[in-house]
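In this chain, residues are counted from 1 in sequence order. No experiment lies behind these values; they were computed from the predicted model shown. FYI, side chains are in, hydrogens and waters are out, and symmetry mates aren't considered; it's all heavy atoms of this structure.
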Amino acid sequence: MVNVNINIEGRIYGVEKGLTVLEAARKVGYNIPTLCYWKNGENSLASCRVCLVELRSARGSRLVASCVYPVEECQAERGFEIHISSPMAINARRTSVELLLSNHSQNCQTCVKNGRCELLHVADLVGARDHQFEGEKTPSTYDDAAPGIIRDTSKCILCGRCIERCKKAQGIGILGFEKRGFQTIVGPAENRSFTQVPCIQCGQCIEVCPTGALSEHREIGKVDEAIQNGKYVVVQTAPAVRAAISEEFGHKIGEENGTGKMVAALHRLGFKRVFDTDFGADLTIMEEAQELINRISSKGVLPQITSCSPGWINYLEYFYSDLIPHVSTCKSPHEMEGAILKSYFAKSHGLKPEDVFVVSVMPCTAKKGEAKRKENAAVEGLPDVDAVLTTRELAVLIKRAGLLWDELPEEEFDQDLLGQYSGAAPIFGTTGGVMEAALRTAYHNLTGKEYGPIEFAAVRGADGVKKAEVKIGKLSLKVAVASGMRNAKPLLDEIRAGKSPYAFIEIMGCPGGCVNGGGQPFVKPNLLAGKEAPNILDTYCQKRASILYSIDEKSAIRQSHNNPDVQKLYKDFLGEPCGGISENLLHTHYRSDREKYPEK
């Protein structure tokens with residue numbers, strides 16, 4: 001590693017050659033504010049001009065964008081002095097932010113980013129003043145037609161983060177700069193709605209948006225209405241929610257397993273029953289593992305690909321519909337649980353299916369669209385799930401109700417009929433978790449024995465693609481795990497070309513899996529400014545995932561097929577995995593006719 005000496009505010013520091021001024025400054029303890037920059041230069045267009053510093057060299061003093069300007073050796077004859085707090089730098093940064101504010105809607109009271117807006121955070125840091133520049137604003141677009149994501153360009157600061165995230169996480173790139181000059185906005189081609197382009201609704205763009213220009217389509221009002229109208233409203237929560245919900249109440253990432261307090265809050269919010277989607281995850285494994293076994297034994301279509309991620313399913317239907325036969329027909333866990341709640345649970349409690357209103361709390365914005373698919377309406381044509389709230393929306397409900405998170409007791413999920421879950425279920429929330437859970441049960445079903453050690457370590461970790469070979473009795477199965485569509489694409493291309501060596505592939509729409517879903521708590525700007533690990537995404541995904549792996553390790557039952565409530569459900573109602581009843585309730589089908597760019 002080659003180091004150079006740099007001069008910041010009159011002090012000499014040794015830093016790695018090749019860093020930008022911004023990166024170097026952060027490494028030695030200075031936090032230069034930014035807006036367009038995002039983790040390790042994933043996005044650095046130098047468009048916001050908020051990171052300007054004064055550079056003094058033999059050429060004189062000038063302002064440079066620290067996020068793109070490389071460091072140089074501060075030799076005496078050449079100068080290269082970096083000044084962050086000089087009057088020139090301070091005034092320039094303040095003016096940049098004031099110009100951004102002048103073209104911003106500033107309806108902060110009603111904005112979903114109120115209290116977490118990076119623009120206001122930076123405005124406070126630089127001492128920006130109100131209404132320094134007034135005049136015409138760029139004509140804006142408001143698009144709320146899609147089920148998962150809302151776009152409001154009146155709040156957009158043209159930072160480009162969402163553009164780069166869509167490209168680099170998903171390899172799709174449906175967002176770009178539209179129009180020119182003062183008319184410039186960010187949106188899909190031709191300023192189309194998200195419903196008129198192949199957007200997979202993953203919400204990764206929301207996660208990186210510094211303002212409220214992109215947000216989830218909230219369904220809190222729908223839930224309020226159902227409760228007020230006397231519906232039998234039940235709620236279920238996904239594994240990844242408990243790993244992150246505490247962050248909304250001031251806890252550090254990975255600091256607290258929020259399960260008990262979350263359940264206590266939900267009991268106080270007016271829900272008739274509070275269930276865990278982990279039960280649905282165990283149910284999914286029973287079906288998906290059996291489906292894999294059926295395909296192997298009958299020489300069916302392989303590799304089998306998992307189907308739990310609606311973002312991935314959207315991508316499949318838009319770009320790889322010819323591979324639909326490879327995808328498991330299993331519904332995702334919350335859809336399975338919704339179908340059971342409106343059939344088995346409703347009948348057992350003397351309820352009409354139409355009176356049972358199922359709310360799912362998910363880490364995912366794409367789940368909102370999944371719940372509206374006509375293919376997921378197993379009981380009397382009713383949707384399996386009636387409303388989907390993100391982790392962030394649940395936090396809004398808790399705060400609105402005046403509940404104090406740290407004062408809540410630890411409570412258990414309701415146990416009537418479908419309460420217990422195995423340790424295999426919580427790990428669904430992280431990349432590789434579905435694969436590992438399915439292999440535990442497939443191993444048992446094929447050999448009659450339990451796999452030991454229980455963990456399939458080869459499919460764990462934060463890598464975008466993981467590959468392994470698993471011995472199950474006399475079988476040797478090659479498996480692969482991918483998260484983020486950009487990582488999944490090479491695996492899909494191999495299948496399309498007839499060259500895939502795998503029997504089973506797990507694909508998750510979001511990098512890192514559901515713990516990094518588009519509906520999870522925002523990672524605060526101050527985390528990105530510190531001395532975090534080289535890959536910050538891996539850091540916070542791993543911290544959240546560690547909570548889920550800890551739940552698994554502490555569970556008395558760690559395989560889905562050993563869950564006594566699941567066994568009872570099959571004995572009393574479903575019959576057998578992939579049997580007639582479960583096929584009707586727990587399986588779905590996919591569309592091969594989705595247009596990428598339908599007529600406006």
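Closest approach of Lys179 and Thr184 over heavy atoms only: O-OG1, 3.9 Å. Considering every non-hydrogen atom in both Thr34 and Arg26, the closest pair reads OG1-NH2, 3.4 Å. Smallest separation of non-hydrogen atoms from Cys108 and Leu120: SG-CD1, 3.8 Å. Considering every non-hydrogen atom in both Thr237 and Met262, the closest pair reads OG1-CE, 3.3 Å. Heavy atoms only, all atoms of each residue included: Arg192 and Arg151 are closest at O-NH2, 3.2 Å. Taking every heavy atom of both residues into account, Glu178 and Asn191 meet most closely at OE1-N, 3.6 Å.
A donor-acceptor pair is defined here as one N or O able to donate and one able to accept, closer than 3.5 Å; such a pair exists between the side chain of Thr138 and the backbone of Phe182. Of the possible donor and acceptor atoms, none in the side chain of Asp493 sits under 3.5 Å from a partner among the backbone N and O of Ile495. One N or O on the side chain of Arg544 and one on the backbone of Val515 form a donor-acceptor pair closer than 3.5 Å. Judged by distance alone, with hydrogens and angles left aside, the side-chain atoms of Gln520 form no donor-acceptor pair with the main-chain N or O of Thr391 at under 3.5 Å. Between the Lys399 side chain and the Glu248 main chain, a donor and an acceptor come within less than 3.5 Å of each other. Distance alone, capped at 3.5 Å, places no donor-acceptor pair between the Gln542 side chain and the Thr539 backbone. A donor-acceptor pair is defined here as one N or O able to donate and one able to accept, closer than 3.5 Å; such a pair exists between the side chain of Thr365 and the backbone of Gln201. No donor-acceptor pair under 3.5 Å is formed between the side chain of Asp463 and the backbone N or O of Val465. Under a 3.5 Å cut-off, the side chain of Ser86 and the backbone N or O of Ala89 do form a donor-acceptor pair. A distance-only check finds no donor-acceptor pair linking the side chain of Thr430 to the backbone of Gly433 [under 3.5 Å].
No salt bridge links Glu216 with Lys368; every basic N to acidic carboxylate O contact stays at or beyond 4.0 Å. Between Arg165 and Glu207 there is no salt bridge, since no side-chain nitrogen of the basic residue lies less than 4.0 Å from a carboxylate oxygen of the acidic one. Between Lys17 and Glu73 no salt bridge is recorded (no basic side-chain N to carboxylate O distance below 4.0 Å). Salt-bridge check for Glu317 with Arg594: passed, with a basic side-chain N closer than 4.0 Å to an acidic carboxylate O.
For Cys111, the side chain to side chain contact (heavy atoms under 4.5 Å, CB included) criterion is met by Lys113, Lys155, not counting sequence neighbours. Checked against side chain to side chain contact (heavy atoms under 4.5 Å, CB included), Thr431 has the following partners two or more places apart in sequence or in another chain: Lys466, Val481, Ser483, Glu506. For Ser246, the side chain to side chain contact (heavy atoms under 4.5 Å, CB included) test picks out His251, Glu256, Trp405, with sequence neighbours left out.
Judged purely by distance below 3.5 Å, without hydrogens or angles, the side chains of Ser332 and Lys367 pair a donor atom with an acceptor atom. Between the side chains of Thr95 and Glu98, no donor-acceptor pair is found at a separation under 3.5 Å. There is a side-chain donor-acceptor pair under 3.5 Å between Asp152 and Ser154. Between the side chains of His217 and Glu219, no donor-acceptor pair of N or O atoms lies under 3.5 Å.
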> salt bridge (Lys or Arg N to Asp or Glu O under 4.0 Å) between Glu118 and Arg161: does it pass, once the steps are laid out?
Replying inline: CA-CA 13 Å; Glu118 291 182 50; Arg161 285 190 193 173; 2.7 Å; yes
>> Is there a side-chain contact (heavy atoms from CB on, under 4.5 Å) between Leu52 and Ser66? Walk through the geometry before answering.
In response: CA-CA 6 Å; Leu52 292 172; Ser66 63; over 6 Å; no
>> Checking Thr153 against Val186 for the side-chain contact (heavy atoms from CB on, under 4.5 Å) test, could you report, in this order, the C-alpha distance in whole Å, the side-chain angles of both residues, the deciding distance, and whether it holds?
In response: CA-CA 7 Å; Thr153 66; Val186 171; 5.9 Å; no
> Run the side-chain hydrogen bond (donor to acceptor under 3.5 Å, both in side chains) check on Tyr13 and Asn7 step by step: do they pass?
Replying inline: CA-CA 6 Å; Tyr13 300 94; Asn7 183 324; over 6 Å; no
>> Set out, in order, the CA-CA distance, both residues' side-chain angles and the distance that settles side-chain contact (heavy atoms from CB on, under 4.5 Å) for Phe249 and Ile398, then state yes or no.
In response: CA-CA 10 Å; Phe249 303 96; Ile398 293 170; 3.7 Å; yes
> Should Glu370 and Ile313 be marked as a side-chain contact (heavy atoms from CB on, under 4.5 Å) after you check the CA-CA gap, both sets of side-chain angles, and the distance that decides it?
Replying inline: CA-CA 9 Å; Glu370 180 185 41; Ile313 294 300; over 6 Å; no
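Within the 4.5 Å cutoff, no side-chain heavy atoms of Cys51 are placed close to those of Tyr37. Within the 4.5 Å cutoff, side-chain heavy atoms of Glu436 are placed close to those of Ile427. Side-chain contact between Leu548 and Arg242 is present, with at least one heavy-atom pair separated by less than 4.5 Å. A heavy-atom distance below 4.5 Å is found between the side chains of Cys36 and Ser47. The shortest distance between side-chain heavy atoms of Tyr502 and Glu494 falls below 4.5 Å. Between Pro511 and Gln204, the closest side-chain pair of non-hydrogen atoms falls below 4.5 Å. A 4.5 Å side-chain heavy-atom check between Phe456 and Met435 finds every atom pair outside the cut-off. By the 4.5 Å heavy-atom criterion applied to side chains, Ser102 and Glu134 are not counted as neighbours.
Counting non-hydrogen atoms of other residues, nucleotides and ligands closer than 6.0 Å to CD of Glu136 gives a total of 12 or fewer. For Lys252, the NZ atom counts as loosely surrounded, since its 6.0 Å shell holds 12 or fewer non-hydrogen atoms of other residues, nucleotides or ligands.
The CE atom of Met362 lies 11.0 Å from the CG atom of Leu394; values are rounded to the nearest 0.5 Å. Distance check: Cys156 SG to Ile185 CD1 gives 8.5 Å after rounding to the nearest 0.5 Å. Atom CG of Leu101 sits about 5.0 Å away from atom CG of Leu119, to the nearest 0.5 Å. Between Met485 atom CE and Leu316 atom CG the span is 9.5 Å, to the nearest 0.5 Å. Ser215 OG to Ile206 CD1: the interatomic distance, rounded to the nearest 0.5 Å, is 6.0 Å. Summarising the geometry, atom CZ belonging to Phe319 is positioned 5.5 Å from atom NZ belonging to Lys596; distances are rounded to the nearest 0.5 Å.
Screening Ile172, Leu175, Ile174, Asn314 for a side chain to side chain contact (heavy atoms under 4.5 Å, CB included) involving Cys199 leaves a single residue, Ile174.
In this structure, Lys489 forms no cation-pi arrangement with Tyr320, as its terminal cationic atom is not both closer than 6.0 Å to the ring centre and no more than 45° off the ring axis. Phe522 carries Arg392 over the face of its six-membered ring, with the cationic atom under 6.0 Å from the centre and within 45° of the normal.
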